[in-house]
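Here the structure is laid out as structure tokens; the discussion comes afterwards.
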There are 2 protein chains.
Amino acid sequence: MSTQAETVAAADTNLPRAAHEAAFAGLDIEQLRKYVQVTRHKVVAGQSLYHAGQPFTALYFVQSGCLKTVELAEDGRDQVTGFRMRGDFLGVESIGLKQHACSAVALESGEVWELPYPAMLAACRDMPELQARLTAALAEEIRNDHAWMLAIGTLNAEQRVASFLVDVARRYARMGYSARHFILRMRRTDMANFLALKHETVSRVMSRLDELRLIEVERREVRVLNDAGLRQLAGMRAC
Amino acid sequence: MSTQAETVAAADTNLPRAAHEAAFAGLDIEQLRKYVQVTRHKVVAGQSLYHAGQPFTALYFVQSGCLKTVELAEDGRDQVTGFRMRGDFLGVESIGLKQHACSAVALESGEVWELPYPAMLAACRDMPELQARLTAALAEEIRNDHAWMLAIGTLNAEQRVASFLVDVARRYARMGYSARHFILRMRRTDMANFLALKHETVSRVMSRLDELRLIEVERREVRVLNDAGLRQLAGMRAC
DNA sequence: CGAACACTTGATGGACTTCAACCACGGTGG
DNA sequence: CCACCGTGGTTGAAGTCCATCAAGTGTTCG
């Protein structure tokens, strides 16, 4: 098995497990179990974890796989608001509501933990770290959204795609996978929707980034050839 | 003095005070004072309440006036992420960080309450409703951001501006002002930046909405002539 | 009163969308 | 086994919406 740092993330390869295996958002999962009935759910590609309008009863914690969250309007317009992977919470945006505000759809098969919300609330009273971790997850989601707004509002198509790829690489690196070589989990259409573009535009831009030798693209497989160049195009200081 | 429902919101007119005056986010302000040293701050137009990078020490609660939150990149790109008015919290997006993630700038003079964060945390332990209210504010901010993403990602310039005006009207109505006649608190540039457009485009669209007799515009003064029409254009079912 | 700022309106160009055709891949079943 | 089809992805040509550049008006404030 290759080293963790160079493992290419894929549903059917050996996964780096590391400290994450037993950890739950940096908290003691055993302690949590005393308060919360944690249910493990398998999800398969295309399946939705919850739909907008369904009763909100639980938060979810992604253990493996990748899901998209989708905001949708009555008239059919829809917007991908984010992609969630291992270590991410799902459903926090519906806290305080009776019903889910958006939908969550699996892009590949994986596993999520269901955390009944009332029990979580009770657990928070006795576990300040849990409360802090949940609040931090909410605040981080807001910061992510604001970063996205900045990108969409100020960057052109090429910069948006570059910036998206840099972000994906960073997230894979955090999970112990390679930041240089990865498989995108979403279709061009989902990327495009998320970036407020059309899938043809994303496709064209990806080809152009390939021509520029910043990356190497083969459908969903991406290899980063010039990390600094990609970051610079993304409008970020090389860091 | 006119009835509350028809009061035009303006800094120098009589304000409807109603239940809001003594209330703090629907909570007992006197109880909060036992835990938290609440400081009242006057802000004047153009002044910034905090800057990105400054130490995060407190949340703020807007008592009067209007502020914009601005996300900014190292290279000078900036994005208005929202407008805050009476009853809104400020600074929640920086929870969990040492430093503020964005800046808050006053668009007109007003008053905000400073709520030292460590004390707020302590107060939350003894006041579950405060905890719930804060978490709800965070979740609501996320839903607002997602709604914005949906708008920016799926609507054209005309629809975005219409949808913005409908939202402004709704917020004024909630505060007890008229939803039919109001004064915008921000410059065209701020609106445009928020809507991911240029100020010339916003200006043109406003004129066009005027031509269509959906609204009547005179610089920052807006009168809604055809509410249903405006909502329909905004891509919402008339509600 | 004049200067700076905010807003409006026009003319032109460009970036992205739209429409369309085509290719690659993966599964299914004859 | 491979023909067949559906889905996802790529690429080209034409069109549109918004940005850009530019000029002019109105308002505010020192």
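When rounded to the nearest whole Å, the span between CD of A:Glu221 and P of D:dT10 equals 13 Å. Rounded to a whole Å, the CG atom of B:Leu155 is 14 Å from the P atom of C:dT17. For A:Asn156 and C:dT17, the CG to P distance is 11 Å, given to the nearest whole Å. The separation between A:Asp210 atom CG and D:dT11 atom C1' is 14 Å, rounded to whole Å. In this structure, A:Arg187 atom CZ and C:dC25 atom P are separated by 19 Å, rounded to whole Å. Rounded to a whole Å, the CD atom of B:Glu218 is 18 Å from the P atom of C:dA6. Rounded to a whole Å, the CG atom of A:Leu197 is 11 Å from the P atom of C:dT18. The CG atom of B:Asp190 sits 13 Å away from the C1' atom of C:dC7 (whole-angstrom rounding).
Note on B:Arg188: a side-chain N or O is less than 4.0 Å away from OP1 or OP2 of C:dT8. At least one side-chain nitrogen or oxygen of B:Ser207 sits closer than 4.0 Å to the OP1 or OP2 atom of C:dT9.
In the set D:dT11, D:dT10, C:dC7, D:dT11 carries the atom at the smallest distance from any side-chain atom of A:Glu200. Among C:dA24, D:dA19, C:dC16, the nucleotide with an atom closest to any side-chain atom of A:Thr201 is C:dC16. With distances taken from any side-chain atom of B:Ala157 to the nucleotides D:dG9, C:dT8, D:dC18, the minimum falls on D:dC18.
Not one N or O on the side chain of B:Asp227 forms a donor-acceptor pair closer than 3.5 Å with the backbone of B:Arg180. Looking at A:Ser178, its side chain does come within 3.5 Å of a backbone N or O of A:His181 through a donor-acceptor pair.
Not a single donor-acceptor contact under 3.5 angstrom links the side-chain atoms of A:Glu158 to the base of C:dC16. Looking at B:Arg220, its side chain has no donor and acceptor atom pair within 3.5 Å of the base of D:dT28. A donor-acceptor contact under 3.5 Å is formed by the side chain of A:Arg204 with the base of C:dT18.
Sequence order on DNA chain C of the closest nucleotides to A:Arg219 and B:Thr189 puts B:Thr189 first from the 5' end.
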Exercise for the section: Go through the steps to decide whether A:Val80 and A:Thr69 satisfy the test side chain to side chain contact (heavy atoms under 4.5 Å, CB included), and finish with yes or no. Expected result: CA-CA 6 Å; A:Val80 174; A:Thr69 50; 5.6 Å; no
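Note on ring orientation: taking the six-membered ring where Trp is involved, the planes of B:Tyr50 and B:His100 are parallel (angle under 30°, cut-offs 30° and 60°). Using cut-offs of 30° and 60° on the angle between ring planes, the pair A:Phe164 and A:Phe83 is perpendicular.
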